[in-house]
Amino acid sequence: METTLSVIPLGGVEEIGGLNMTAYRYGDDIIVIDAGLMFPDASMLGVDFVIQDFTYLLENADKIQAIFLTHAHEDHVGALPFLLKELDVPVYGTALTLGFVQAKLREHNLPKRRLKRIKPRSVITAGEFRVEAIRVTHSIVDGVAFGITCPLGCIVHTGDFKIDPTPVDGEIMDFRKFTEYGEKGTLLLLSDSTNAEKGGFTFSEKEVRRGFEDIFSKAPGRIIVSTFSSNIHRIQQVIDVAHMFGRKVIICGRSIATNTEIALDLGYLTLPPDTLLEMDQLKNLADEEVVLMTTGSQGEPMSVLSRIAVGEHKHIKITEGDTVVLSAKAIPGNERTIGKLINRLFKLGADVIHEKVSEIHVSGHASKEELKLMLSMVRPKYFMPIHGEYRNLVTHAKLALNMDIPKENIFLMENGDVLKIDSKGARKDGKVETGRTFIDGKGVGDVEEMVLRDRRRLAQDGIVIPLLTIDKEYGKLASPPEIITRGFTQEEESPEMIEEMVALLTEAIGAMDKEVVSDPDMLKAEARRVLRKHIRKKIERRPMVMPIIFEV
Ligand SMILES: [Zn+2]
Ligand SMILES: [Zn+2]
């Protein structure tokens, strides 16, 4: 019997910024590309982050040959510690990717022995697969795409990329390799769709430098730059421009300090002498000599920048003359929080510069023209847009259609869909189990969808707790009910309102059958129904009602 190749996006084709993970299966061999997490949106209250449901991988654990990582962004490696707790397989990645991953594994007390360092153009054999790393440019250093060869043919999996002709580290994208795959004939291309809706080319990371030079030349006092902690090139550029203007850089914040250290150790950052100082040296510097680098560009509540903005940072208080630069894009969903942060900083007297008013951020993802270039280099028979919301995937698919890839050869997938390829061709066929696992703290799956719904309701509509003391023998109230409310406005929980609820409950319970009253479950349900109806009518809210019953 002929062997089929299955390509299964386990995540990353329904959401932007998360859960990227793709399984390739040929016969009894499986390889996995990336294992990303997703940061929760505002509706997932109290959830730290979201990872993939690993069911498919765990059910096929014995077949998994290796995991390959394209780059060190959280949406590609963040779920790895959780996966490695369950699977013992080798993990391949470039030096910086593994540097970041290693720090993560340490936090989870996981050994690093399965991490295997590769370089661009390294070729790894994993079962029936041969996997070649291909250099790409992106908003993190040391990113690669993968050329995957199996007996049926070749696949190119781009990972995240942009075509930056002037990368900060001079590591040009390996156009030659991509064309080579095009020349020898590539069966399938999976390509980054994040910016498929953007026309033209994405600006080079080097463009940001000019924006910084402009700001640094005018800033009267301290400069505080916040960016993503993994954007080593951005950090490098800030350090270089600081040096040019005779300023010193102090890194402030745990994740950015760790990442900077790793990048320095591995030689991905070059420091002009005496440019990087420690926090305790801040007091020895004049304001116009200072650059503070932090994270928190998304308004994350625990970040250094947010703490500075609410005046809660130990060492840094904003004063007139400070310039705050938010060198990052607002991740969709964070706009309001970031807006608040900007307002607060202005209120404290700082000048705030963000991407809407100045060229201080460029995207790490390919725009339309670059995506077309990728398609024309690889010239695949089949095409699968990945990494994006549905709209991005559709737009990317249209680009491919315009480049003469026939419609029936383009596959728009949902998470878990299986694309099967054999000598007869490619087709969508079946689905494997996928889903999301919510992580709250360090445990896996300790928050369920139901818990989330409760949290949402608590946040929106508050909670009402009737305390009912029941005389079990007679099946009636032993004393008048008491009612506690939380999350209501003062007028909503006015004494009259409470009294009304007490009276209503007393009356309702008085009219109930003895059996209902003496059965705690039935009584709870009835009390809940009566109160909910009343509250909905009175103040148009749907709070959580949690009766507590005491029996005497
Ligand atoms: Zn990504
Ligand atoms: Zn990325």
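All ligand and atom numbering here is 1-based and tracks the order in the structure. Worth saying up front: this structure is predicted, and the values here are computed from it rather than measured.
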- Task: Would you mind naming the N, O or S atom of H73 nearest to the Zn ion (ligand 2)?
- Result: ND1
- Query: Taking H365 as the fixed residue, which of H71, H73, H387 is the one that meets the ring-ring contact (aromatic ring centres under 6.0 Å, His included) rule?
  - Reply: H387
- Give, for atom CG of N259 and atom CG of L264, the distance between the pair rounded to the nearest 0.5 Å. 11.0 Å
- Item | D75, N/O/S atom nearest the Zn ion (ligand 1) | OD2
- Flag H76 as yes if one of its N/O/S atoms falls below 2.8 Å of the Zn ion (ligand 2), otherwise no. no
- Item | Name of the D160 atom (N/O/S only) found closest to the Zn ion (ligand 1) | OD2
- Using the ring of Y181 (Phe, Tyr or Trp, six-membered ring only), decide whether K184 places NZ or CZ under 6.0 Å from its centre and within 45 degrees of its axis. yes
- Message: F383 vs H396, test: ring pair (Phe, Tyr, Trp, His ring centres under 6.0 Å). Steps then yes/no.
- Response: CA-CA 10 Å; F383 176 58; H396 202 177; 4.9 Å; yes
- Check whether any N, O or S atom of H365 sits under 2.8 Å from the Zn ion (ligand 2). no
- Using the ring pair (Phe, Tyr, Trp, His ring centres under 6.0 Å) rule, take H157 and F68 through it: C-alpha gap first, then chi angles, then the decisive distance, then the call. CA-CA 11 Å; H157 183 120; F68 294 87; over 10 Å; no
- In H71, what N, O or S atom is nearest to the Zn ion (ligand 2), if we give its atom name? NE2
